[in-house]
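FYI, the numbering just counts along the sequence from 1. Order of appearance sets the numbers: ligands from 1, and atoms from 1 within every ligand.
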Amino acid sequence: MTLVVDRIGLLVTNDPALGEGPLGIVRDASVVVAGGQVVSVGPAGQVADQRVDADGACVLPGFVDSHTHLVFAGDRAEEFTARMAGRPYDGGGIRVTTGATRTASDEALRSLTADRIAEVRSAGTTTVEVKSGYGLNVDDEARCLRLASEVTDETTFLGAHLLPKEYEGRADDYIDLVCGPMLEACAPHSRWIDAFCEEGAFDEDQCRTVLDAGRAAGLGLRLHGNQLGHGPGVQLAVESGCASVDHCTYLTDADVEALAGSETVATFLPATDFSTRQPYPDARRVVDAGATVALATNCNPGSSYTTSMSFCIALAVRDMGMTIDEAVQAATLGGAAALRRTDVGRITPGSAGHLVILDAPSHHHLAYRPGVPLIRQTIC
Ligand code: NIG
């Protein structure tokens, strides 16, 4: 079966060889997909077995959300409410979600995750990374990753998310567990390893130990860094060859310079800064320095309970100094780079047939009409 998405008013391909500018924009276009891949991008009117009429709307690559924590139970609305009344965010609520997740059955967790994936798809996201990090013991971390691997190939072992209560005062013992039996149980279900490098979570040496162990087990590397204050996360990520360092809310000139001279993507999570009342990072400075940037939702019950990449794009444009074109590219091609993928985040012959049809004439509406559900159809 072949499928054509026809009568596209404005197509964002992210392939400059196919159209105008860095977004490779083609007007009055159609895209043919076969066997899950784009086979041709051409003028309107191409034919195929099945036809979807875009009716002059904008079509872009499905969003690539490279940072989520979708497998969890419970909710922390009370924590959010208290925060809006002035209580600061410190990550301590991770233990609350860990308690709820540990006691949830497989069936309950599977069903919660499936509902969230349905929400992710209707928000236009076609590739999603999912982390563990709310099990924090061998069995529950492995269980969460097994469930995550039922919904995505982009799974990340985040045993070093926060010290569980039972290891209070014994952080190094916990790191031994993470790098030993936990990694052994989780690696078969994971593509990536990650750690939360922050005061109150894990320090630079502990995170380096985790990354080294993950690399030795054949996993790709990523890191949470510079979320709640300045710290060593970005430099450690660059030095370790991480695919991405995520948050990057507090960056020194040296951090920006290190990112610019590296293959490590700076992934911004602006919905987190929104929900935790942190300042927004100056993405302009990072883009101008020449670093690769991505936008992701960080969907989790504590610091960012949203699956909306459109919301992240609007924040990045309004509050982080990115142009709309840059933000849309960071939410598609940038996310793909953060996952070291070349088959998603673009619409070009050979790429995955992941397309989003907007209820809008151009991608500019994603920032121009914040909060409006503009995703008409997600093709995945
Ligand atoms: O990326 N920073 C660490 N982990 C999550 C927060 C998780 C939570 O508060 O439950 C984050 O923001």
Side-chain angles (χ1 to χ4, degrees), residues 65-84 87-102 104 109 112-113 116 128-136 140-141 144 148 154 156-165 178 192-203 206-207 210 222-234 236-237 242 244-250 265-281 294-307 311-312 315 335 338:
D65 189 349
S66 60
H67 186 135
T68 80
H69 306 248
L70 290 184
V71 183
F72 65 86
D75 110 352
R76 284 163 42 204
E78 277 178 25
E79 176 190 315
F80 177 78
T81 306
R83 192 152 66 241
M84 292 305 106
R87 194 174 128 192
Y89 175 82
D90 64 1
I94 292 169
R95 281 186 180 168
V96 174
T97 303
T98 299
T101 304
R102 284 178 177 177
L109 277 178
L112 287 164
T113 306
R116 291 180 194 126
V128 63
E129 181 262 14
V130 178
K131 299 176 197 301
S132 65
Y134 293 122
L136 306 186
D140 287 303
E141 281 294 304
C144 290
E154 299 294 347
T156 300
F157 168 43
L158 179 59
H161 196 192
L162 199 78
L163 196 63
K165 208 168 172 32
V178 168
W192 303 97
I193 192 163
D194 194 346
F196 185 13
C197 187
E198 198 79 36
E199 218 175 296
F202 297 99
D203 68 21
Q206 291 162 339
C207 291
V210 170
R222 28 202 342 103
L223 194 68
H224 284 63
N226 304 52
Q227 175 182 2
L228 303 173
H230 290 288
V234 166
L236 173 62
C242 287
S244 177
V245 55
D246 298 28
H247 284 287
C248 295
T249 300
Y250 294 88
V265 173
T267 299
F268 296 113
L269 311 171
T272 312
D273 305 311
F274 173 89
S275 296
T276 58
R277 288 224 167 108
Q278 295 286 317
Y280 291 99
L295 289 170
T297 64
N298 187 23
C299 181
N300 77 78
S303 67
S304 183
Y305 201 0
T306 181
T307 50
F311 177 55
C312 297
L315 291 176

What protein heavy atom is closest to [atom], reported as residue, atom name and distance in Å?
| atom | answer |
| --- | --- |
| atom 7 (C) of ligand 1 | Tyr134 OH, 3.1 Å |
| atom 2 (N) of ligand 1 | Gln227 OE1, 2.7 Å |
| atom 11 (C) of ligand 1 | Asn298 ND2, 3.2 Å |
| atom 1 (O) of ligand 1 | His247 NE2, 2.9 Å |
| atom 6 (C) of ligand 1 | Tyr89 OH, 3.1 Å |
| atom 4 (N) of ligand 1 | His161 NE2, 2.6 Å |
| atom 12 (O) of ligand 1 | Ser303 OG, 2.6 Å |

Handout entry: Residue pair Leu228 / Gln278: nearest heavy atoms and the distance that separates them
Key =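 Taking Leu228 first and Gln278 second, the nearest heavy atoms are CD2-NE2, 3.7 Å.
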Problem - Closest non-hydrogen atom pair between Val210 and Ala160, with its separation - result: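 Nearest pair, atom of Val210 first, then Ala160: CG2-CB, 4.0 Å.
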Handout entry: Salt-bridge present (Glu129, Lys131; N to O < 4.0 Å)
Key =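 Result for this pair is yes, salt bridge flagged.
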Handout entry: Result of checking Asp194, Asn300, Thr156, Asp246 against His67 for side-chain hydrogen bond (donor to acceptor under 3.5 Å, both in side chains)
Key =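 Of the listed options, the one satisfying the test is Asp246.
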Exercise for the section: Determine the sole option in Thr276, Thr272, Asn226, Asp273 for which the side-chain hydrogen bond (donor to acceptor under 3.5 Å, both in side chains) test with Thr249 is passed. Expected result: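 Of all the options given, the one that passes is Asp273.
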Handout entry: Atoms of ligand 1, numbered as shown, that sit under 4.0 Å from any heavy atom of His67
Key =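 Heavy-atom distances to His67 below 4.0 Å select 1 (O).
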Exercise for the section: Taking Asp65 for its side chain and Thr297 for its backbone only, find out whether a donor-acceptor pair lies under 3.5 Å. Expected result: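 Checking the backbone N and O of Thr297 against the side chain of Asp65, a donor-acceptor pair under 3.5 Å is found.
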Problem - Test ring pair (Phe, Tyr, Trp, His ring centres under 6.0 Å) applied to Tyr305 and Phe274, Phe72, Phe80, the passing residue - result: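 Testing Tyr305 for a ring pair (Phe, Tyr, Trp, His ring centres under 6.0 Å) against Phe274, Phe72, Phe80 leaves exactly one candidate, Phe72.
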Exercise for the section: Examine the proximity of ligand 1 to Glu198 and report which part, side chain or backbone, both or neither, has a heavy atom under 4.0 Å away. Expected result: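 Neither part.
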